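This structure is a prediction, so every number in the text was calculated from the model and none was measured. Chain identifiers are assigned alphabetically (A, B, ...) following the order of the sequence lines, protein sequences preceding nucleic acid strands; residue numbering begins at 1 within each chain.
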Amino acid sequence: MASNIVLTLPDGSTRDVVSGTRAAEVAAAIGKGLAKAAVAARLDGEWIDLERPIEHAGALEIITDASPDGREVLRHSTAHVMAQAVTDLFPGARYAIGPAIEDGFYYDFELPDGARFTDEDLPRIEARMQEIVKAAQPFVREEVARDEGLERFSDQPYKREIIERVDASEVGEGSVISVYRNPRSGNDDFVDLCRGPHVPTTKRLGSFKLTKVAGAYWRGDEHGPQLQRIYGTAWESKKALEEHLHRLEEAERRDHRKLGVELDLFSFPEEIGSGLAVFHPKGALVRKIMEDYSRERHEAGGYSFVNSPHITKEQLFQTSGHLDWFADGMFPPMHVDEGSGEGTKYYLKPMNCPFHILIFRSRLRSYRELPLRMFEFGSVYRYEKSGVVHGLTRVRGMTQDDAHIFCSKEEMPQELGSLLDFVLELLRDFGLEDFYLELSTKPPDKAVGTDEEWEEATAALRAAAERAGLELVLDEGGGAFYGPKISVQARDAIGRTWQLSTIQVDFQMPQRFELEYVGADNERHRPIMIHRALFGAIERFFGILVEHYAGAFPVWLAPVQVAVLPVADRHEAYATRLVDRLRAEGVRVEHVAAHSDGLGARVRRAKLEKVPYVLVVGDEDADAGTVGVNVRGSEEPERGVAVDDLVERVRAAVLTHA
RNA sequence: GCCGGGGUAGCUCAGUCGGUAGAGCAGCUCACUCGUAAUGAGCAGGCCAGGGGUUCGAGUCCCCUCCCCGGCUCCA
């Protein structure tokens, strides 16, 4: 006998329904639009299918297709459809896991006889998927006992492993597992192990595209079997799919590797080696401006500048511990002075800290010197694995804007607070505005330092972060073994996030190097050390800025701020005077003479080079002492602008970092 | 490091069945002297990533190395 139950909706209203009512019916009762947009539901926070009968009272939420949750359902269901298509087209294929991810989904497969997917397979799979969508197969949920599940997936070892693992860790002995069945004409339905929920039928899907095929390890284990992963993207409508593909194109347009070539900023000559960049004159100029500005700010911020060499004897990295836990990330040693004996091993440095520590330790330090802040643009070399190097954002040779702060335990909270302010201010000066912070705390298993020290340092970092008033994400247990850290994440112009600065408290190094200072009490104390980099690496930050600005650097950073284009040869004298004047005002100006190309061609080239101000000077300007100004990003050039006004505009743009 | 795809002129790319290398842009020269996104003509430009092999003959087929791209793992 069905009884009535009360469902509470997110707006607080209630619905009195017969027990066994399905979420789809509730949605339909609320409105046509909602029913159409619904893809799944949540009852008391638990995901359920629209078609699943609701047996008890609770809070019901209808999940709609264009919401983050709704898209997750669409994507996950699309992943199932892809698995069905693949098993159709590649008999014997084993399927492993296929979750929804940001903007899409993937599914991992193992093909018989070690076969591999190629890019040419994707259109075939897509076509088959569209057939499945057209067939409007329902997703039917079934709950089966663990043993039956194992049996049903007898030819699917990865599924069996999931069942065994889930059973042991999450659900417990004897519990049921859920599977989803897609009935189809023919006799063998496609069945996948899945916790759900799914859309009611495949008809709800269709706005998807398979994007790439790649290798992936089973359960992310480098030593486990390597599977074939197919990635796709899926959306609630064709329009949303198109918009997503357009965003990908936009990101591609901003790719710093492409712009680096086009704007003649940097390159990676094959002759030098993987992940080793050279900066061309224009790129090096931008970099110099970045470095000069950083130095200026550090000088004002109470930092001392230091310098250290690129290589060192093995012993230093033994003392620091790098050779114990970071040897894989270091270039192999050089052997020198090997005449008759063993000689000496030297290493390229992967980090600057040991050098700064030696400077601290070069003489006895007083508490009066603390906090002692040592800054260096320190070049380091890391042996990044061959598959991970990526443009300027992941390189093997880089220069860090590195500093190490030695302070007393008592000074630490204050120092961390002002440090975070300093970091954020500098990043804002480079046009990044949108940040959030990540706080990484003590790893559960292995850590140096006492619990008390960790708590103290973590609390100090947290206080600094909270005072900054930014969103704070907790990365529980994600700290390095030697201390907690804050990392600053920045969102760029198209919403991508980049990890930039890190502020890391270190209990380990002062101990290993037995650092001390003499306190006011005339006793010796161990200082706290703070590692911090603002840009992270200059190369990487440079790459991020290129993408953030899509190559159109703000005036203060632009390698060429003004281009002067005389209309014809007879205006060369006036143009030269103008260029000299601007140069004298400190403006970075390029004179593009009239003798070879037409004016239109020269304007075009300057525009493609993303020069902020393109000045055209002709008869009228020579007579009146004015310039024609074509500002980057504007359609209409201005005529008859007084040179003084132009100089003032450039100067103002530089000062405000506009 | 692993899986997959690649490497042809400075850049973007074509190159058939294994038969001896091609375009556009950029560069250089000349002409044009022009008011806001491509003036025209001509010239030059290549160890087809490098090495080895198969073959009468290799950009093309095979092997090794280097480098790049997309992922995985990694990012202390």
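Residue contacts shown for A:Asp619 include a base, since a base heavy atom lies under 4.0 Å away. The residue A:Asp621 sits close to a base: some heavy atom pair falls under 4.0 Å. Base contact: A:Ala214 has a heavy atom under 4.0 Å from a base atom. Across all strands shown, A:Gly329 has no heavy atoms under 4.0 Å from either base or sugar-phosphate atoms. Residue A:His322 is classed as having no contact, given no heavy-atom separation below 4.0 Å to the nucleic acid. Within 4.0 Å (heavy atoms only), A:Arg602 reaches no atom of the nucleic acid at all. Using a 4.0 Å heavy-atom cutoff across all strands shown, A:Lys607 reaches at least one base atom of the nucleic acid. Residue A:Leu608 is classed as a base contact, given a heavy-atom separation below 4.0 Å to a base.
For A:Glu376 and A:His404, the side-chain atoms include no donor-acceptor pair closer than 3.5 Å. Using modelled atom types and a 3.5 Å distance limit, the side chains of A:Thr576 and A:Glu572 yield no donor-acceptor pair. For the residue pair A:Thr502/A:Ser487, the side-chain donor-acceptor check at 3.5 Å is not satisfied. Remark: the A:Trp218 side chain and the A:Asp108 side chain contain no N/O donor-acceptor pair separated by less than 3.5 Å.
Looking at A:Tyr217, its side chain has no donor and acceptor atom pair within 3.5 Å of the base of B:G71. For B:C74, its base sits under 3.5 Å from the side chain of A:Arg394 at one donor and acceptor pair at least.
Nucleotide B:C75 is matched to nothing when pairs are restricted to Watson-Crick or G-U wobble geometry with both distances under 3.5 angstrom. When both pairing distances are held under 3.5 Å, B:G57 makes no Watson-Crick or G-U pair with any nucleotide shown. Of the nucleotides present, none pairs with B:G18 by Watson-Crick or G-U wobble criteria with both distances under 3.5 Å. With a cut-off of 3.5 Å on both pairing distances, B:C34 has no Watson-Crick or G-U wobble partner at all. As the counterpart of B:C66, B:G7 is assigned, both hydrogen-bonding distances of the Watson-Crick or G-U wobble pattern falling under 3.5 Å.
Proximity of A:Tyr106 to A:Met82: side-chain heavy atoms (C-beta onward) are nowhere separated by under 4.5 Å.
Between the CG atom of A:Asp121 and the P atom of B:G5 there is a distance of 11 Å, given to the nearest Å. Distance CD (A:Glu262) to P (B:C25): 17 Å, rounded to an integer number of Å. Rounded to a whole Å, the CZ atom of A:Arg605 is 12 Å from the C1' atom of B:A37. To the nearest angstrom, C1' of B:C68 lies 14 Å from CG of A:Leu392. Rounded to whole angstrom, the span from the CG atom of A:Asp264 across to the P atom of B:C25 amounts to 21 Å. In this structure, the NZ atom of A:Lys258 is 12 Å from the C1' atom of B:C13, given to the nearest Å. In this entry the distance linking CD1 of A:Ile230 with P of B:C3 reads 18 Å, nearest Å. Here the C1' atom of nucleotide B:G71 and the CG atom of A:Leu227 are 13 Å apart, to the nearest Å.
Across residues 265-281 of chain A, A:Glu270, A:Ser274, A:Gly275 each have a non-hydrogen atom less than 4.0 Å from an atom of RNA chain B (numbered order).
For A:Asn630, the listed nucleotide lying nearest its side chain is B:U36; candidates were B:U36, B:C69, B:C11. The A:His390 side chain lies nearest to B:G70 when the options are B:A38, B:G70, B:C34. Among B:G35, B:C11, B:G70, the nucleotide with an atom closest to any side-chain atom of A:Lys212 is B:G70. When the nucleotides B:G70, B:G1, B:U33 are ranked by their closest atom to the side chain of A:Tyr383, B:G1 comes out on top. Proximity note for A:Val261 (side chain, C-beta onward) versus B:C11, B:C34, B:C72: the nearest is B:C11. Of all nucleotides listed (B:G35, B:G1, B:C68), B:G35 comes nearest to the side chain of A:Arg639. Looking at the side chain of A:Gln228, the nearest of the listed nucleotides B:U36, B:G1, B:C3 is B:C3. Residue A:Val388 has its side chain nearest to B:U73 when only B:C3, B:U73, B:U36 are considered. Residue A:Arg257 places its side chain closer to B:G70 than to any other of B:G70, B:U39, B:C72.
Judged by closest nucleotide on RNA chain B, A:Ala594 is the one of A:Gly391 and A:Ala594 placed further toward the 5' end. Nearer the 5' end of RNA chain B, as judged by each residue's closest nucleotide, is the contact made by A:Gly618, out of A:Gly618 and A:Tyr231.
Separating the P atom of B:C69 from that of B:G51 is a span of 24 Å, rounded to the nearest Å. Look at the P atom in both B:U8 and B:C13: the space between them is 9 Å, to the nearest Å. Across B:A26 and B:C62, the matching P atoms stand 38 Å from one another, rounded to whole Å. Across B:G6 and B:C25, the matching C1' atoms stand 23 Å from one another, rounded to whole Å. Nucleotides B:G46 and B:G53 place their C1' atoms 24 Å apart, quoted to the nearest Å. With both ends at atom C1', the span from B:C30 to B:C48 equals 33 Å, rounded to whole Å. Taking atom C1' in both B:G22 and B:G15, the straight-line distance is 7 Å, to the nearest Å. Taking atom P on both nucleotides, B:U60 is separated from B:U55 by 16 Å, rounded to a whole Å.
With a 6.0 Å cutoff to the six-membered ring centre and a 45° limit on the axis angle, A:Arg75 counts as a cation-pi contact of A:Trp235.
Ion pairing between A:Asp221 and A:Arg219 fails under the 4.0 Å rule for side-chain N and carboxylate O. Salt-bridge annotation for A:Glu249 and A:Arg253: absent, with no side-chain N of the basic residue lying under 4.0 Å from a carboxylate O of the acidic one. The residues A:Asp121 and A:Arg128 are annotated as not salt-bridged, no charged nitrogen and carboxylate oxygen being separated by less than 4.0 angstrom.
Between A:Phe360 and A:Phe513, the distance separating the two ring centers is not shorter than 6.0 angstrom. Ring centroids of A:Phe105 and A:Tyr107 are separated by 6.0 Å or more, keeping the two rings apart.
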